[in-house]
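To find a chain, count down the sequence lines: A is the first, B the second, and so on, and within it residues start at 1. Just so it is clear, the structure is predicted and the values come from calculations on it, not from any experiment.
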There are 2 protein chains.
Amino acid sequence: MNKQPKYRQVADALRREIDNGTYPPGSRLPSEAELSTRFDASRNTVRAGLNLLVTQGLVASSQGLGYQVTKHEVFKLNASRFENLTFPQNGDAYSTDVTAAGRRPSQTFRVELQPAPKHVAERLEVAADSTTVLRFCHRFVDDVPWSTQATHYPEWLVAKAPRLTEPGDIAEGTTRYLADLGVTQVGYFDEITTRMPTPEEARLLEVGAGVPVLLWTRTGYSDERPIRCTVTTFRGDLNQMNYEIGDLSAREVSE
Amino acid sequence: MNKQPKYRQVADALRREIDNGTYPPGSRLPSEAELSTRFDASRNTVRAGLNLLVTQGLVASSQGLGYQVTKHEVFKLNASRFENLTFPQNGDAYSTDVTAAGRRPSQTFRVELQPAPKHVAERLEVAADSTTVLRFCHRFVDDVPWSTQATHYPEWLVAKAPRLTEPGDIAEGTTRYLADLGVTQVGYFDEITTRMPTPEEARLLEVGAGVPVLLWTRTGYSDERPIRCTVTTFRGDLNQMNYEIGDLSAREVSE
DNA sequence: TAGTGGTCTAGACCACCTC
DNA sequence: AGGTGGTCTAGACCACTAC
């Protein structure tokens with residue numbers, strides 16, 4: 001018989017009760033002291049069990065308040081439509097989608113000149129230390145941190161499109177602005193990965209332990225070369241990415 | 001001044017040393033006892049710090065061996081080509097890609113009849129309790145668990161395509177087989193999310209704490225209706241998904 | 001057998017939230 | 001003030017790996 005350690009028994013028992021609805025999303029778990037009595041374990045052992053659930057993203061704890069079962073409402077992003085090739089737009093698609101979902105979007109924005117980080121330089125096909133324009137966006141939905149988005153433009157493009165260095169939004173959208181200058185995005189290459197957040201990411205996105213981030217790197221191409229590289233970091237518990245490929249005329253649009 | 005708790009100082013110090021190459025991927029960290037001396041902290045405090053790094057996926061521990069810095073080689077899956085509409089193929093694309101990378105693929109496979117789980121029923125647009133054929137695949141690369149893949153086919157399709165219930169592989173590929181019967185997949189809808197693994201997923205994929213899973217749900221459509229729903233569960237530390245959209249003729253294929 | 005991490009306890013004190 | 005979780009300690013014993 002595989003005897004589980006006590007703290008795992010605690011975690012498993014609580015997980016079952018969360019799954020079967022004893023503790024529904026948003027409700028509070030019993031206090032450590034109560035659980036300690038119930039499982040005949042020391043407070044530290046109960047804490048070890050609870051910590052497992054926290055790192056698995058099932059519950060979150062806060063000092064003075066207790067442990068609360070997490071609840072998510074995921075936001076669905078259609079990445080194959082997000083910046084439609086025929087209707088190029090900037091971050092506007094984000095505001096539009098969020099508003100359409102009845103939520104309130106907000107963001108902070110800044111522009112910097114930066115030497116290209118290695119992975120960006122590779123994707124933009126420029127030298128690793130060459131200058132790029134970084135347009136950085138920190139996005140919130142109903143004041144909850146949602147994602148960060150960092151778009152790098154190569155130096156040669158800035159010469160053609162000086163407004164890229166303007167500190168504010170470009171009203172008509174950067175994609176539109178660039179297209180008007182003869183630099184049209186005709187394709188994208190998307191890379192999607194996941195991992196646990198770095199301390200910096202955890203701070204910006206205000207994620208606790210147990211919530212991974214979804215990393216989305218989009219490299220945009222003209223018919224000649226890469227013209228931008230956008231790295232978006234999503235809270236993994238609040239976001240889903242969708243792609244449409246081929247003919248989907250048979251699809252019910254129920255969502 | 002924001003004084004960090006001691007176990008965070010331990011974690012931060014070790015993280016810096018991992019980042020700057022003091023402890024390169026694959027190397028071992030000092031023992032808990034040594035770290036305890038170095039940081040003038042109790043063994044439990046050091047363990048709390050190390051546990052942070054473990055849940056962040058930076059290091060892995062094993063009894064009797066110590067803590068080892070994790071190393072990853074990510075496998076890149078081109079999801080927009082994986083089952084090319086013009087060259088339909090089954091799991092073969094997986095073996096082909098893996099072999100091309102100089103790795104050795106293997107898999108276990110089984111077929112079951114199952115009532116449609118809720119999320120599958122929605123996507124296949126069938127009743128929630130209707131029967132589906134489940135073709136399930138557990139994939140390994142060089143004997144490391146890589147992903148699980150569960151494809152559900154609706155009951156009405158099985159009537160047309162009885163070989164779907166055959167327990168073995170379909171030699172020419174299921175997509176090909178279905179196309180020959182007049183059921184052609186003309187489009188896909190892909191959904192990508194991430195979260196921490198359930199205990200069951202952790203067991204199948206042999207992931208330790210701190211490694212999220214990447215969930216990929218692909219619903220395939222004929223020109224009339226959905227014909228299959230495939231849910232793939234990847235180890236997030238070993239996999240990346242790529243999509244190509246639009247015209248990428250300018251892209252250097254360096255990988 | 002020696003050294004490593006894994007489990008567990010009992011108790012102390014602190015920080016935060018609610019009343 | 002009282003209850004909650006957060007931090008930290010000191011020590012015990014167990015399980016696994018290497019030699």
Between [X] and [N], does any side-chain N or O lie under 4.0 Å from OP1 or OP2?
{"X": "B:Ser62", "N": "C:dT4", "result": "no"}
{"X": "B:Tyr7", "N": "D:dT9", "result": "no"}
{"X": "A:Ser42", "N": "C:dG11", "result": "no"}

Whole angstroms only, please: what is the [atom1]-[atom2] distance between [X] and [N]?
{"X": "B:Leu52", "N": "D:dC8", "atom1": "CG", "atom2": "P", "answer": "11 Å"}
{"X": "A:Lys6", "N": "C:dG6", "atom1": "NZ", "atom2": "C1'", "answer": "15 Å"}
{"X": "A:Arg8", "N": "C:dT7", "atom1": "CZ", "atom2": "P", "answer": "6 Å"}
{"X": "A:Asn51", "N": "C:dT7", "atom1": "CG", "atom2": "C1'", "answer": "14 Å"}

Quick test of your reading of the model: are B:Glu112 and B:Arg135 salt-bridged, counting only N-O distances below 4.0 Å?
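Result for this pair is no, no salt bridge flagged.
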salt_bridge(B:Arg15, B:Asp12) N-O dist < 4.0 Å
yes
The test is side-chain contact (heavy atoms from CB on, under 4.5 Å); show your working for A:Thr233 and A:Trp216 and say whether it passes.
CA-CA 6 Å; A:Thr233 308; A:Trp216 174 34; over 6 Å; no
Sorted by number, the residues of residues 43-50 of chain B with heavy-atom contact under 4.0 Å to DNA chain C:
B:Arg43, B:Asn44, B:Arg47
Would you jot down, in residue-number order, the residues of residues 27-36 of chain A having a non-hydrogen atom under 4.0 Å from DNA chain C?
none
Qualifying residues under side chain to side chain contact (heavy atoms under 4.5 Å, CB included), relative to [X], sequence neighbours excluded:
{"X": "A:Glu166", "answer": "A:Arg163"}
{"X": "B:Ser61", "answer": "B:Tyr67"}
{"X": "A:Ala48", "answer": "A:Tyr7"}

Name the atoms and distances for all side-chain donor-acceptor pairs under 3.5 Å in residues 34-41 of chain B, with sequence neighbours left out.
residue	atom	partner	partner atom	Å
B:Glu34	OE2	B:Ser31	N	3.2
B:Glu34	OE2	B:Ser31	OG	3.3
B:Ser36	OG	B:Ala41	O	2.5
B:Thr37	OG1	B:Ala33	O	3.2
B:Arg38	NH1	B:Glu17	OE1	3.3
B:Arg38	NH2	B:Glu17	OE2	2.8

Residue pairs passing the salt bridge (charged side-chain N to carboxylate O under 4.0 Å, His left out) test where at least one lies in residues 141-152 of chain B, sequence neighbours excluded:
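As it turns out, the salt bridge (charged side-chain N to carboxylate O under 4.0 Å, His left out) pairs with a partner in residues 141-152 of chain B, which skip direct neighbours, are B:Arg103-B:Asp142, B:Arg104-B:Asp143.
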If a pair satisfies salt bridge (charged side-chain N to carboxylate O under 4.0 Å, His left out) and one of its residues is in residues 232-242 of chain A, list it, with sequence neighbours excluded.
A:Arg235-A:Asp237
For nucleotides 14-19 of chain D, print each protein N/O atom paired with a nucleotide N/O atom at under 3.5 Å, atom names and distance only.
residue	atom	partner	partner atom	Å
D:dC16	O4'	B:Gln63	OE1	3.2

Name the closest nucleotide to the A:Ser61 side chain, picking from C:dT9, C:dG6, D:dG6.
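From the listed options, D:dG6 comes nearest.
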Tell me which residues in residues 11-19 of chain B put a heavy atom below 4.0 Å from DNA chain D, sorted by number, or none.
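DNA chain D contact set from residues 11-19 of chain B: none.
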Tell me, do B:Trp146 and B:Pro105 make a side-chain contact under 4.5 Å, heavy atoms counted?
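B:Trp146 does not reach B:Pro105 side chain to side chain.
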Quick check: does any side chain N or O of B:Thr232 sit under 3.5 Å from a backbone N or O of B:Gln149, one acting as donor and the other as acceptor?
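Side chain of B:Thr232 to backbone of B:Gln149: no pair is present.
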Can you list the residues that meet the ring pair (Phe, Tyr, Trp, His ring centres under 6.0 Å) rule with B:Phe234, with sequence neighbours excluded?
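Listed in chain order: nothing, the list is empty.
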Test side-chain hydrogen bond (donor to acceptor under 3.5 Å, both in side chains) applied to A:Arg195 - qualifying residues, sequence neighbours left out:
A:Glu201
